[in-house]
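Presented below is the structure to which this report refers.
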Amino acid sequence: MASPRILLCGDVLGRLNQLFKRVNSVNKSAGPFDALFCVGQFFPDEPDRLDELMDYVEGRAQVPLPTYFIGDYGVGAPKVLSAVSRNSANQGFKMDGFKVCDNLFWLKGSGMFTFHGLSVAYLSGRQLSNGQQFGTYSQIDIDTLRAFAEEPGIVDFFLSNEWPSGITNRATASDIPAGISDSSGSDSTVSQLVAEIKPRYHIAGTKGAYYAREPYCNVDAVHVTRFLGLASVGNKEKQKFLHALSPTPSSTMAAAEISAKPPNTTLSPYTLVDQVDRPKETTKRASDIGLDSQYWRYDVSSKRQKHGNGDTNKVCFKFISSGTCPRGEKCNFPHDADAREQFLRGVCLDFIIKGKCEKGPDCNFKHSLQDDGENHSRKRPGSSNANANRSKECWFCLSSPNVESHLVTSIGENFYCALAKGPLVQDHVLIIPVEHMPNTLSLPADSEIELGKFQNSLKVYYKNQGKEAVFFEWISIRGTHANLQAVPVPSSKAAILKDIFTLAAEKLGFEFVTKKFSNNSEGRKWLRTQFDKNFSCFYVELPEGSILLHLIEENEKFPAQFGREVVAGLLNVADRADWRNCTIGKVEETKLAENFKKRFQVFDPSQ
C-alpha cells in the first residue's frame, strides 16, 4: 500500500486563493495529495481579506482537497467558529476535525487521530490568558496530550502553531534562519509537550520563516524527530510556505527503519548535556522536570531522601494511590508494592520512606508498619471484632479517636457532612455515612431521603455562588468507610463535565454507562439496581441529571482518585489532584470549617 502524500503549510492569514492556486499546481505536477495540514494563523490578519475566506466557508469557492487547520484565531475566527461549534454534527469530542465546509476541518483544542495510517497529534491555538473563546489552548488540552503521550505507539505528526522554545539548541548555526530566536513566537509548553510526545515530525508556524532542523534524538525512544518551521503564505521574502511529505506510517515500519538515524542527527535540543550523558536509569525526560505534579501522575520530589544505598528515593503517587501507573517500566519513580500495601493500611508515607514523620502527633497516619493481621480490608465481613477495630482506626467514624472532628460541618441521622481534607477547591464537601459502611449504595433505602436532602442543599448553596455541584464516589471492594464527594464547579464549565469525564474514560480504555434522570432520587434508585457488591465501581452525578457509571472488572487497573483528577484538570488546578498536596494546618482547617458552617447554615437540612 502506497504511503499517504501530505502537504504542509504555514500561516495562511486568510490568503486562501493564493494558497489553493499553489496547491492545485503542486497537486497537478507531483500529486495527487491526500490532505493539507495548516499550522500558524489560518484566519486573516486584516478585515480586507475576510470576504476571500467567507467565499470558501459559504460555498462560493471550493477547497480542492481535505484541509485541516489549528490556527483558530484572526479576523472572523469567532464568528465562523462559533457557528461551527453550534452545528449539531460537531457536538462532542471530534478529534478528527470539526467540519467548517466541504473539505475544510478545524482541529479544535488538542487531540490525536489516524489519517491514512498516520498518527496525527495537534495543539490548537496559542498560549494566551486573556480569556478569549477561540485561539488559545487550555490546561485540559495540555493534559490530554500528556495522556496520549503515555499510550503505546509512535506519533507520526505533531502540529503546533508556535515553535518550541530551544529548538535551535545544538543545531548547526549556519542553518538557522537569520533573526530567529526564542524571544518571540516560541512556547516553552510546546517544547515540554514535544519532548514527551516524541513525534517523528513536528510542524509549526507563526515565526514567518522556513526552517528544516537536523533530526534529533529523543530520550527513551529509538526514533528521531524532524522539526519543520514553515513561513506564511505570500510572505515578501519568498520563503517556503508549502512542503510535501510522503511518510510511511510508523505502525507499518520495521524496527530497523524506525531506529535509523541519519548522519547529521543531533542530541535532543530539550535536554541538558549532563542529563543526556548520564546512564539510562538516572536519565530524566525534559518534560518530567517540574511537571510531575500534573494530575496524570504524581511524585513526592519535595520529600527526596537518601536510603542507605545512596540512591535518591521518590515514590510514584499514581502507583501508590491506584496500584497502577500508565508509564509502567518507563516511570522514573519506584513502584514499591510493599510501600503501597503499607499505605493502604494507613501508614504514614514519610514514616515508610524515612522511618520518621516530621508532623509527629499532628499526623493522622500510623507510625508503625502494619502486618497482615492489622490490614482491616482483609478481615472477614461481618466480624464484630473487625468492625470494632475499624471504628477505632477509621478516619470517618465519628466515634473514632482519629476522626477529624473540626472538619465536620453538619450531622444528620444517617449522614454527616465534612469539609474535605486537602480540598480540591473551596467548599469541597464530603457526605459521609454515620454508620461504618463501604459505600453509600449499601445503606437502607430509606436513608436515601436524607442523602437527597444534603445533596439538594449543597446544590442550592453552590448555585447561589454561580456554581454547580458534581458528585462522585469511588467504591472499592476493599473499601472501608464511604464518602460521596461534592465539588463546586463554575456554571460556565459545568456543561462540559460530561465530555471531560467521557474523554478521560477513553484515555483509560473504558466507556461509561450513561443514563439521564429527571430527578436525583430516580438516579440513585437506578444506581442501586446496577451496583454489585462483588465489584468495585465509580460513578458521577452531573448537574444536568446524567449519571456516569463504570463497573470495574476484577483485574482492571483503576485510579482511585480518578474523579478528583478529572475535575482538577477541568478547573486548571492539576497540582491539587492529590489531596496530600493540598493539606493545611489544623488551625486554618478549623477556620475554613467554621466559615463554611456560617454560610451553609440557612441551607443545612440538619438544622
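We're numbering straight along the sequence, starting at 1. Everything quoted here is computed from the prediction, not taken from an experiment.
For the pair Phe596/Val429, a side-chain contact is recorded, criterion being any heavy-atom separation below 4.5 Å from C-beta on. Side-chain contact between Tyr461 and Pro488 is absent, with no heavy atoms from C-beta onward closer than 4.5 Å. Residues Leu123 and Ile70 fail the side-chain proximity criterion, which asks for heavy atoms closer than 4.5 Å. Residues Val120 and Tyr68 fail the side-chain proximity criterion, which asks for heavy atoms closer than 4.5 Å. Within the 4.5 Å cutoff, the side chain of Lys108 has heavy atoms near those of the Ser85 side chain. Counting only heavy atoms from C-beta outward, the side chains of Leu451 and Asn414 never approach each other to under 4.5 Å. You'll find the side chain of Cys537 stays beyond 4.5 Å of the side chain of Asp532, heavy atoms only. No side-chain heavy atom of Val567 sits less than 4.5 Å from a side-chain heavy atom of Gln485.
Between Leu107 atom CG and Phe113 atom CZ the span is 5.0 Å, to the nearest 0.5 Å. The distance from atom OG1 of Thr590 to atom CG of Leu419, rounded to the nearest 0.5 Å, is 10.0 Å. Between Asn464 atom CG and Arg599 atom CZ the span is 12.0 Å, to the nearest 0.5 Å. If you take NZ on Lys516 and CD1 on Ile547, they are separated by 12.0 Å, rounding to the nearest 0.5 Å. One finds the CG atom of Leu542 at 11.0 Å from the CD atom of Glu468 (value rounded to the nearest 0.5 Å). A distance of 4.5 Å separates CG in Leu548 from OG1 in Thr514, rounded to the nearest 0.5 Å.
Under the 30°/60° scheme for interplanar angles, the aromatic rings of Phe512 and Phe538 are found to be tilted. Ring geometry for Phe558 versus His550: interplanar angle of 30 to 60°, hence tilted. Below 30°, between 30° and 60°, or above 60°: for His481 and Phe396 the angle between ring planes is above 60°, a perpendicular geometry. Note on ring orientation: taking the six-membered ring where Trp is involved, the planes of Phe472 and Phe501 are tilted (angle from 30° to 60°).
Surrounding CD of Glu544 are more than 12 heavy atoms belonging to other residues, nucleotides or ligands, all under 6.0 Å away. Atom CD1 of Ile449 has 12 or fewer neighbouring heavy atoms from other residues, nucleotides or ligands inside a 6.0 Å radius. The environment of CD in Gln465 is crowded: more than 12 heavy-atom neighbours from other residues, nucleotides or ligands sit within 6.0 Å.
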| query | Can Phe600 and Leu458 be said to form a side chain to side chain contact (heavy atoms under 4.5 Å, CB included), step by step? | reply | CA-CA 8 Å; Phe600 186 63; Leu458 286 169; 3.8 Å; yes
| query | Hey, mind stepping through Lys515 and Glu522 against side chain to side chain contact (heavy atoms under 4.5 Å, CB included) and telling me if it holds? | reply | CA-CA 11 Å; Lys515 204 169 180 66; Glu522 292 300 314; over 6 Å; no
| query | Does the side chain to side chain contact (heavy atoms under 4.5 Å, CB included) test come out yes or no for Gln530 and Val513, once each step is laid out? | reply | CA-CA 10 Å; Gln530 302 299 304; Val513 174; 5.6 Å; no
| field | Verdict with supporting geometry, Lys533 and Ile477, side chain to side chain contact (heavy atoms under 4.5 Å, CB included) | value | CA-CA 7 Å; Lys533 66 180 181 179; Ile477 56 174; over 6 Å; no
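Taking the six-membered ring wherever Trp is involved, the centroid distance between the rings of Phe415 and Phe454 does not fall below 6.0 Å.
Contact record, Phe535 with Glu553: CE2-OE1, 4.2 Å, taken as the closest heavy-atom pair. Smallest separation of non-hydrogen atoms from Ser536 and Ser476: OG-CA, 3.5 Å. For Ser251 against Gly117, the heavy-atom pair with the smallest separation is OG-O, 3.9 Å. When all heavy atoms of Leu484 and Phe471 are compared, the closest pair comes out as CD1-CB, 4.2 Å. When every heavy atom of Phe531 is checked against every heavy atom of Ser442, the shortest pair comes out as CE2-OG, 3.6 Å. In plain terms, the two heavy atoms of Lys493 and Leu570 that are nearest each other are NZ-O, 3.1 Å.
Although no hydrogens or angles enter the test, the distance criterion places no donor-acceptor pair under 3.5 Å between the side chain of Asn439 and the main chain of Ala482. Ser457 contributes no side-chain N or O that, together with a main-chain N or O of Asp604, makes up a donor-acceptor pair within less than 3.5 Å. A donor-acceptor contact shorter than 3.5 Å links the side chain of Ser491 to the backbone of Gly466. Panel note: side chain Arg576, backbone Arg564; no donor-acceptor pair is recorded below 3.5 Å.
The residues Glu448 and Lys525 are annotated as not salt-bridged, no charged nitrogen and carboxylate oxygen being separated by less than 4.0 angstrom. A salt bridge between Glu594 and Lys597 is present, with a side-chain N of the basic residue lying under 4.0 Å from a carboxylate O of the acidic one. A salt bridge is absent between Asp427 and Lys467: the closest approach of a Lys/Arg side-chain nitrogen to an acidic carboxylate oxygen does not fall below 4.0 angstrom.
Of the N and O atoms on the side chains of Glu473 and Tyr539, at least one donor lies less than 3.5 Å from an acceptor on the other residue. Remark: the Ser138 side chain and the Asp141 side chain contain an N/O donor-acceptor pair separated by less than 3.5 Å.
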